[in-house]
Amino acid sequence: MGTKTFIKIALVGNPNTGKTSLFNRLTGLNQKVGNYPGITVDKKQGVCRLSKKITASVIDLPGTYSINPTSADENIVYETLINDKNPDHPDVVVVVAEVENLKRNLFLFTQIKDLEIPTVLVINMADQMERKGISIDVQALEKALSTKVILLSARKKTGIDALKSVLKEYQSINTKTVADISERIHGHFFERIKEDLPHFSTYKSWLLITQKGTSDFISEKDQEKINFFKSRSNKINKFQHKEAVFRYQVINDILKETYSKNRTKGTDLRGVLDRILTHKVFGYIFFALLLTLIFQSIFAWASIPMNWIDSAFAQLSEFAKLNLPEGKFTDLIIEGVIPGIGGIVIFVPQIAILFMFVAILEETGYMSRVVFLMDKIMRRFGMSGKSVIPLVSGTACAIPAIMSSRNIESWRERLITILVVPFTTCSARIPVYAILIALIIPEKRYLGIFNLQGLTLLALYILGFTAAFLSALLLHKVLKIKTRSFFVIELPSYKIPSIKNIGITVLEKTKAFVFGAGKIIFAISIVLWFLASYGGKDFKNSEEIVKSKPTSVELTENELSREIATYQLENSYIGKLGKTIEPAIKPLGYDWKIGIALLSSFAAREVFVGTLATIYSVADDGENATTIKERMNSEINPITGGKRFNFATGMSLLLFYAFAMQCMGTLAVVKRETNSWKWPILQLVGMTALAYIIALIAFQFLK
Amino acid sequence: MSDTIAQLEIGEKGIICDIALDNIPLKLLEMGCLPGKEVELLQKAPLNDPLYIRVNESYIAIRVETALQIAIDKI
């Protein structure tokens, strides 16, 4: 057997075992997050050097308790391990277990081992053994499991080298089964399986038999044989139960000899914290305070770097204007690209802070407590306690939030969650809110700490959640889907979050978000700029037309050139488009320029600011580069003579953006997750109609 | 009729004696919630549902409707 120079490693383990910490240790920043083809589960892959000659690709598979998949996430683990033609099918599997609950972790280990793939066991958090009074006889355990066992601490960086040298020698790992189920469950039945499918390991055949539906990665002939066994036994459920009992017997026997825990040792941090954090009253108070802190800090902390970014982009435009040769191309850069990009970069501080908080809540283990606290209440709205995670992470971005709804067992609860998540205030709304709030809400403080602008933002967040819950209630009453709802969630022990893990998460997600949104904004701002810079006959002759007007005689040169620019914009292609839709949006208090921003926002909300920036900079006479906010503030409503962005229009816009479904990415993800166009179309039409009506009422009352 | 996990008070323990297999998720069995195991009720969520239990050294939350399917002998 030759030594391979490139091997494939898969990390598998229960949730909360520090699998991702180990992945980060092995690969460093040498990793990328992609998507599995066809579905949108995050696929984390990285590269690790095992020795001078051997490199390994490491894949971090989603956390699971068992190989039997009950969700889309777990299905990845199942498919990757069982299908040897899968491009990610590993040469060697690393099962990551945690020192405290070795028993349950070994359940998954024995399943994978029985697939007869080289499998090693890593026992993570070994640094806490002494404190918790745990001792493990590694040699005896290795013998009993017939593999290598590595004690390791991903946090303290111990044992990593030992793991690497074991992985180098993976070909010498014994692939014997540890818990041969065939004898114990039904000898005759499994004998037949072995005879009929000799080229599969028995456990692989058994897993194929227990799955619903067909498996497209095995040959038709094999599938026929599998179907035969499926139909022959109506006892599959019972066998699965027997299997679970049997595996735990084997594990208990092994651990009796190799693992001991001194129960008098160890502090009961879990007990103490849970008594407060899951308390009927204090639990809620703590959660409410935490949310307030998060939202207040998003506005307060982020405002300083946001101001820097805003003026930096204004200066960049100015600099480009002075240094680039004059011409159409330069105009495109100064008027289209720079303001467009500035429109997204400005909210990087806010989404980074938001992602950071969500990551901390997950890492510490607090998020599961919230799920526990909220389940009963959420059920009244037709959702599950687990819907809290999508709803909270929806405040960062609805796309990953909808994906995180996958672990909700009941399809009905999951569907309602998916449908209402886009109401939560996602970070793409922040730049729109931020600029509108800054324009219409005075910067006042109450009692020294409450910032009026911050409170307005908080009110918008509350509004988003309220809309989500009310529409969930409506769906709960209307939807006629009957599914059985199961609910099981682990409450992991509390952990101090690792700065490295949080940092990597924030970096990855912010990067993905900015580049994803950036591409759309970049493209749209270029298209907009072209549409705004070209037009029909009136556009070309605008200079003569304006000059020939009798009123133009009294204008100064500056006023005249501004007049020409405005006339030009109105007669450009985009101006004509805006004018066409103006009648529909006039009752909401918008003019055709806002209408353009509204239309382009249907690609993604955050495009709003960039669009206005592009339109105003085209209309500008170009004497001085100012910030977007200053430009919006100086925009005049020609009919009233007052500011265009007055209180009524501003509120109407805020409410429109709070309710409307303006995100193609979300619609695409909903289509994929629900496997139907029906639901995304319902969202688009329903939410946008609601937005229109509410914005209409608000403007008519306030004007 | 014997007791189920739903009849435990906070701090009380029991040994699982019977599980209505058709009405509980396989996942729960795979996490080690099996006959013969000790269960302790640690906490009830507001409105007394879900229940926070310790079984097989796992700390998990299940709903009352699932807890009713797991018969125990109190100890």
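Order of the sequence lines sets the chain letters (A, B, ...), proteins ahead of strands, with each chain counted from 1.
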Just so I understand: if I count every heavy-atom pair under 4.5 Å between each of B/Lys44, B/Lys37, B/Met31, B/Lys27 and chain A, which residue has the most?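 The candidate making the most pairs under 4.5 Å is B/Met31.
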Would [X] and [Y] pass as an ion pair if we require N to O under 4.0 Å?
| X | Y | result |
| --- | --- | --- |
| B/Glu57 | A/Lys261 | no |
| A/Arg104 | A/Glu490 | yes |
| A/Asp375 | A/Arg380 | no |

Which portion of [X] sits near chain A, non-hydrogen atoms under 4.5 angstrom:
| X | answer |
| --- | --- |
| B/Leu29 | both |
| B/Ile19 | neither |
| B/Ile62 | both |

So for [X], is it side chain, backbone, both, or neither that comes closer than 4.5 Å to the heavy atoms of chain B?
| X | result |
| --- | --- |
| A/Tyr248 | side chain |
| A/Ser384 | both |
| A/Lys103 | side chain |
| A/Glu100 | backbone |
| A/Asn105 | neither |

Pair B/Gln43-B/Tyr59, side-chain donor/acceptor within less than 3.5 Å: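 There is no such pair between these side chains.
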Set out, in order, the CA-CA distance, both residues' side-chain angles and the distance that settles side chain to side chain contact (heavy atoms under 4.5 Å, CB included) for A/Met374 and A/Tyr284, then state yes or no. CA-CA 9 Å; A/Met374 300 296 287; A/Tyr284 285 120; 3.8 Å; yes
Evaluation steps, ring-ring contact (aromatic ring centres under 6.0 Å, His included), between A/Phe107 and A/Tyr65: CA-CA 8 Å; A/Phe107 185 90; A/Tyr65 296 103; 9.9 Å; no
Output the option from A/Leu108, A/Ile251, A/Val245, A/Asp274 having the highest count of non-hydrogen pairs under 4.5 Å with chain B.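 Top option by heavy-atom pairs under 4.5 Å: A/Asp274.
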For the interface with chain B, which of A/Asn101, A/Leu373, A/Val488 has the highest count of heavy-atom pairs at distances below 4.5 Å?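 It is A/Asn101.
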Centres of the A/Phe487 and A/Phe372 rings: under 6.0 Å?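 Ring-ring flag for A/Phe487/A/Phe372: false, centres at least 6.0 Å apart.
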CD of A/Glu74 to CG of A/Leu61: how many Å apart, nearest 0.5 Å?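 It is 12.0 Å, given to the nearest 0.5 Å.
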